[in-house]
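Down below is the structure, laid out as structure tokens.
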2 protein chains.
Amino acid sequence: MKTYSITEVAEYFNLTPHTLRYYDKEGLIPFIERTSSGKRVFKESDIESLKIIECLKSSGMPIKEIKHFIEWCAEGDSTLQQRYDMFLERKASVEAQMDELKRTMEVIEHKCLYYKTALDSGTEDVHKNIKVKSSSAQ
Amino acid sequence: MKTYSITEVAEYFNLTPHTLRYYDKEGLIPFIERTSSGKRVFKESDIESLKIIECLKSSGMPIKEIKHFIEWCAEGDSTLQQRYDMFLERKASVEAQMDELKRTMEVIEHKCLYYKTALDSGTEDVHKNIKVKSSSAQ
DNA sequence: TTATTACCTAAAGTTAACTCTAAGTCAAGC
DNA sequence: GCTTGACTTAGAGTTAACTTTAGGTAATAA
């Protein structure tokens, strides 16, 4: 079975070996095997686990909570409900983040147009007649 | 002209007065006026500026960079290009974040289905025959 | 007049997620 | 046999964005 060094895995996930050791210390990858001299040996299944960890991370989940999930995985079928609920929560959280980003995007696109118009006419004053009130950070 | 206290503004933006004072200290709202006794007085235009600040914050922009934008605003038309470029960059950044969230969502939805199926059959083993390899954190 | 309430400052503390440092081990190549 | 490079650990340091603390002022209500 193909295995990987910590540096190979770090490069694959765009992390540093330091960060992977930190994840290990925090209990995110407790199943990693070692060589007789103590070096971490990453198996294919470890890569798959790290993919889930990265997914949870990019959903905004803190490392301590990811650790709980990893512990549930080790506990087996008795934690299936918790894990299901957790992913439903993650789904709701990501949906909320997407909604917020959409609202943010609308303001930003409005500002892009605002500054495009201002640049074309050489001055921000072009907007002064359109808006009723002027403000300091437009 | 209607004005607002720091607590009113904090409630409006779902922040604390502490946080608004911190933003002031960091140079995000240098245009705030004070009463004779030193209390901050927020005008309508300050609220508008804070809306932009909140937008930039939720786009993932660090406070020090938002400060630069606020400084550019004070400098006038000579910084129109910088401000336009900044909003174009913000737009690209938010687009990238949305793409990442979409990819994250796909994995999460897959996991929701995975755990729904496992729960229905009472054991995760139901997936063992479908996948070629098993892994520790599925 | 006193108590309360809302505000103020400066500065220290907190938290998450790294990130770095120092000192050491081990296997491979010259 | 020695050097090099990739790994190891424990623990200290960093950064961002707050958050809290301590001590103080000013206006208002009883």
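We name chains A, B, ... by the order of the sequence lines, and we start the count at 1 in each one. The figures that follow rest on heavy atoms only: side chains count, while hydrogens, waters and symmetry mates do not.
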Per atom distances to the B/Ser37 side chain, the nearest of C/dT19, C/dC8, D/dA27 is D/dA27
Legend entry - A/Arg21/A/Asp24 ion pair, N-O < 4.0 Å: no
| message | Looking only at side-chain N and O atoms, does B/Thr104 offer a donor or acceptor that is under 3.5 Å from a partner on A/Ser59? | response | no
note: A/Leu20, atom CG; D/dT8, atom P; distance rounded to Å ~ 10 Å
request  = Please confirm whether A/Lys67 makes a cation-pi placement over A/Phe69, using NZ or CZ under 6.0 Å from the six-membered ring centre and within 45° of the ring normal.
outcome  = no
Atom CD1 of A/Ile6 and atom C1' of D/dT8 are separated, to the nearest Å, by 9 Å
query = How is B/Thr35 classified with respect to the nucleic acid when contacts are heavy atoms under 4.0 Å: base, sugar-phosphate, or nothing?
reply = nothing
Checking B/Glu109 side chain against B/Glu106 main chain: does a donor-acceptor pair fall under 3.5 Å? no
Looking at every strand, decide which applies to B/Ser5 at a 4.0 Å heavy-atom threshold: base, sugar-phosphate, or nothing. sugar-phosphate
| Would you say A/Arg21 reaches C/dC20's phosphate, i.e. side-chain N/O to OP1/OP2 under 4.0 Å? | no
note: A/Leu15, atom CG; C/dA17, atom C1'; distance rounded to Å ~ 12 Å
With a distance cut-off below 6.0 Å to the six-membered ring centre and an angular limit of 45° from the axis, does A/Lys25 pair with A/Tyr22 as a cation-pi contact? no
To the nearest angstrom, the CG-C1' distance between A/Asn14 and C/dA17 comes to 17 Å
Separation of D/dT19 atom C1' from B/Glu26 atom CD, nearest Å, is 13 Å
From the candidates C/dT21, D/dT20, C/dC18, the one with an atom nearest any side-chain atom of A/His18 is C/dT21
Could you write out each protein N or O paired with an N or O of nucleotides 13-17 of chain D at a distance under 3.5 Å?
from: D/dA17; atom 1: OP2; to: B/Ile63; atom 2: N; distance (Å): 3.2

Query - Under 3.5 Å side-chain donor-acceptor pair for A/Thr123 and A/Ser121 - result: no
Taking C/dA27, D/dT9, D/dT19 as options, the one with an atom nearest any side-chain atom of A/Arg34 is D/dT9
Separation of C/dC8 atom C1' from B/Phe42 atom CZ, nearest Å, is 13 Å
- prompt: A/Arg34 versus A/Lys39: any side-chain heavy-atom pair under 4.5 Å?
  reply: no
Result for 5'-nearest mapping on DNA chain C, choosing between B/Lys25 and B/Gly38, is B/Gly38
